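Just so we're clear, the structure is a prediction, and the values are computed from it rather than from any experiment. By convention here, the first residue in the shown sequence is residue 1.
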Amino acid sequence: MGRHQAISRKGQSLWGKLAPDRSNYWLPLWLHLADTGEIAKLLWDHWLPEYTKMDIAAGLEIGSGQPQDMKVAYARKVAIFMAAIHDIGKASPVFVSKASKVGFGDIIDEFTSRGLPVSAINPAQARDFPHGLVGECILEQQGLDRSFAVIVGGHHGKPPDSAQAISHAEIFPSFTGIGVGPWEEVRRELLQLALDLSGLDRMPKGTVSVPAQVLLSGFLIMADWLASGQKYFPLLSRDYPCSALPSAEERAEAAWADLHLPVAGDFADDCAWTEIYSRRFQRTARPMQDSVVQVAVQAKDPGIFIIEAPMGEGKTEAALAVAEVMARRYGLSGVYFALPTQATSDGIFPRILDWIRALHPQNSRTVFLAHGKAGFNEDYAGIKLDSNIYDDEVGSGPWAQLRPAVIVNDWTCGRKKGLLADFVVGTIDQVLLAGLKSKHLALRHLGLANKVVILDECHAYDAYMNSYLDLVLSWLGAYHVPVVVLSATLPPHRRNELLKVYRSSWGSKQKKPYISRRAVYD
């Protein structure tokens, strides 16, 4: 039974996407919501690392005594529900009236003929009622706690500024449709669609913690961006009857096959901890390097590691070894290696590539070079070219291509999406941006929360950079992200500050929130 069969003719007439060229193509709202829910399932099951899933689950109220797998299963349902209901605010007069501005005035006539009232709306006033805000208000009216509803309110990158904006939306039913019978009816249908798709029997109860809220927001933004891309989820002719439309599950499966997103799996092949340096770097570990791995292996929790040693002692290899230990032990998907400048980022990039290729020769991992002149880096440009030449369909014959061990995925490129790649090498400012109030900030947090974060040459940051670094470290501590700090000349007071800010947001129930061992050589 298709999901459209649970939607009335009124609900089927609501639009979610319209062709920008004014051609007769669109996506009905219910299908766009189902598309987003289905791609969210695939993202959760195949892309999101286990560690991030557990972080989200830890922020939900499920009930005491539940085993970890049940908590994660419930978190999956919540994430899918939020994706499948994110655009419920489009089921409102203020949104559907926009169709007349882009040459689809006949859609308005269809709404009104089916009993959905749409009054004349002043465009200047309409700007005060974006569909994210209306959706948040609708969900709160249905009993969803604001800590969840704000995820819908901010799914276009910026949450509503204040509670006053929500109250403002509630007193204009001609704009929002709140309290108007026919509009409430179709929204109940969409709500039930989201519940059925997610497997929930009712909306999430209780509240969600701030870290889990941010991660769910980033996850929703990613799912919505994917489902909104016409390359992967094409618009459909308005002449198709609803019964002839393809299922959202089929559309999502086809999109997933074309996306080639990295699949979360084993971070590296299974080797003994004592063999890490010989297997990854073809050398014997130095005393400091061996000591660092022992600390990482024995650590009871992920935390912050500060490695201090003179130049030439192998801090880079030690940091990568710690990253492997943490990622293998706790189920993380990659690494962000941050350096002070573009030149130092370019200089270390080939070494990181060699390390990635040695981790798991049979797995392809996505990389991203995160700085403004990445296009001029020959190694990065070569990987992009090789990634485009490779064809999944070519499996045999003289022109068969073996999938490269390191690839650049087209979708996980760009200023806002680059951190979603498995391995990122870049300048420290890309990490510091996670401490700025900016649009789609949650997406950047999601990318960092999936990884081990390595901060090289930490002594080189000035006071202005350190203030933002402290804020970012407090977020990384809240996500329990392993952090490795490298320095040859880190002042003791600054070392203590880094430990303090990371530990400050860890959580009162956690013990031993950080591990630090100094390696000092005369």
Exercise. Quick one: do Val452 and Val481 satisfy side-chain contact (heavy atoms from CB on, under 4.5 Å)? Show the steps, please.
Key: CA-CA 6 Å; Val452 180; Val481 168; 5.9 Å; no
Quiz item: Between Trp225 and His155, does a ring pair (Phe, Tyr, Trp, His ring centres under 6.0 Å) hold up when you go through it step by step?
Solution: CA-CA 10 Å; Trp225 282 10; His155 77 270; over 10 Å; no
Quiz prompt | Chi angles and distances behind the side-chain contact (heavy atoms from CB on, under 4.5 Å) call for Val367, Val425 | solution = CA-CA 8 Å; Val367 297; Val425 178; over 6 Å; no
Quiz item: When you look at Leu320 and Ile352, which way does the side-chain contact (heavy atoms from CB on, under 4.5 Å) test go after all the steps?
Solution: CA-CA 9 Å; Leu320 296 176; Ile352 302 299; 3.9 Å; yes
Quiz prompt | CA sep, side-chain torsions, deciding dist, call: Trp411, Tyr232, ring pair (Phe, Tyr, Trp, His ring centres under 6.0 Å) | solution = CA-CA 11 Å; Trp411 200 85; Tyr232 303 110; 8.1 Å; no
Quiz prompt | Trp256 and Leu261: CA distance, side-chain angles, deciding distance, side-chain contact (heavy atoms from CB on, under 4.5 Å) verdict | solution = CA-CA 8 Å; Trp256 187 259; Leu261 285 176; 3.7 Å; yes
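Put simply, the side chain of Lys315 gets close to the backbone of Ala309: a donor and an acceptor are under 3.5 Å apart. Of the possible polar contacts, one joining the Asn409 side chain to the His260 backbone as a donor-acceptor pair under 3.5 Å is found. Not one N or O on the side chain of Gln298 forms a donor-acceptor pair closer than 3.5 Å with the backbone of Val295. No donor-acceptor pair under 3.5 Å is formed between the side chain of Arg444 and the backbone N or O of Gly218. At distances below 3.5 Å, not a single donor-acceptor pair connects side-chain atoms of Ser364 with backbone N or O atoms of Ala405. Although no hydrogens or angles enter the test, the distance criterion places a donor-acceptor pair under 3.5 Å between the side chain of Ser504 and the main chain of Val501. Of the possible polar contacts, none joining the Arg503 side chain to the Gly303 backbone as a donor-acceptor pair under 3.5 Å is found. Counting only distance, with no hydrogens or angles, the side chain of Arg329 and the backbone of Ala296 share a donor-acceptor pair below 3.5 Å. The main-chain N or O of Thr341 is found under 3.5 Å from a side-chain atom of Thr344 such that the two form a donor-acceptor pair. Using a distance-only test at 3.5 Å, with no hydrogens or angles considered, no donor-acceptor pair links the side chain of Ser291 to the main chain of Pro287.
Tyr330 and His480 form no side-chain donor-acceptor contact under 3.5 Å, judged by distance and modelled atom types alone. Counting only N and O atoms by type, the side chains of Ser333 and Lys451 include no donor and acceptor under 3.5 Å apart. In the model, Thr36 has no side-chain atom that pairs as donor or acceptor with a side-chain atom of Asp224 under 3.5 Å. Using modelled atom types, one finds a donor on one side chain and an acceptor on the other under 3.5 Å when comparing His131 with His156. Side-chain contact, His32 with Asp87: a donor N or O sits under 3.5 Å from an acceptor N or O. Side chains of Gln294 and Asp290: a donor on one and an acceptor on the other come within 3.5 Å. Using modelled atom types and a 3.5 Å distance limit, the side chains of Glu61 and Thr207 yield a donor-acceptor pair.
Exactly one residue among Val150, Ile88, Ile151 makes a side-chain contact (heavy atoms from CB on, under 4.5 Å) with Glu136. That residue is Val150. Of the listed residues (Val484, Val485, Asp456), just one forms a side-chain contact (heavy atoms from CB on, under 4.5 Å) with Ile307, and that residue is Val484. Exactly one residue among Arg328, Arg280, Arg357 makes a salt bridge (charged side-chain N to carboxylate O under 4.0 Å, His left out) with Asp269. That residue is Arg280.
Crowding of Glu275 atom CD: a count of heavy atoms from other residues, nucleotides or ligands under 6.0 Å exceeding 12. Around the CD atom of Glu249, the shell of radius 6.0 Å holds no more than 12 heavy atoms that belong to other residues, nucleotides or ligands.
Legend: salt bridge (charged side-chain N to carboxylate O under 4.0 Å, His left out) pairs involving residues 466-485, not counting sequence neighbours, sorted by first then second residue: Asp470-Arg494. Applying the salt bridge (charged side-chain N to carboxylate O under 4.0 Å, His left out) test to pairs two or more places apart or on separate chains, those with a residue in residues 415-437 are Arg365-Asp422.
Put simply, the side chain of Val325 reaches to within 4.5 Å of the side chain of Trp273, judged on heavy atoms. Using a 4.5 Å heavy-atom cutoff, the side chains of Phe368 and Thr412 are not in contact. At a threshold of 4.5 Å between non-hydrogen side-chain atoms, the residues Val214 and Leu446 do not count as touching. The shortest side-chain heavy-atom distance between Gln289 and Val292 does not fall under the 4.5 Å cut-off. Counting only heavy atoms from C-beta outward, the side chains of Pro492 and Arg495 approach each other to under 4.5 Å. Counting heavy atoms from C-beta outward, Phe305 and Met326 have side chains that approach closer than 4.5 Å. A 4.5 Å side-chain heavy-atom check between Cys271 and Ile276 finds at least one atom pair inside the cut-off. Side-chain contact check for Lys17 versus Ser228: some heavy-atom pair is nearer than 4.5 Å.
Taking OG of Ser505 as the start and CG of Leu471 as the end, the distance is 9.5 Å to the nearest 0.5 Å. Distance check, rounded to the nearest 0.5 Å: CD1 of Ile80 to CG of Leu195 gives 12.0 Å. In this structure, the separation between NZ on Lys500 and CD on Glu497 is 8.5 Å, given to the nearest 0.5 Å. Atom OH of Tyr336 sits about 9.5 Å away from atom CG of Leu455, to the nearest 0.5 Å. Of the inter-residue distances, the one linking Ile454 atom CD1 with Thr316 atom OG1 reads 8.5 Å to the nearest 0.5 angstrom. One finds the CG atom of Asp346 at 11.5 Å from the OH atom of Tyr380 (value rounded to the nearest 0.5 Å).
Not a single salt bridge (Lys or Arg N to Asp or Glu O under 4.0 Å) links Asp410 to another residue, sequence neighbours left out.
By the 30° and 60° cut-offs, the orientation of the rings of Tyr464 relative to Tyr468 is perpendicular.
Here Glu317 pairs with Arg351 in a salt bridge; the nearest charged N to carboxylate O distance falls below 4.0 Å.
Remark: aromatic rings of Phe267 and Tyr51 are distant, center separation not under 6.0 Å.
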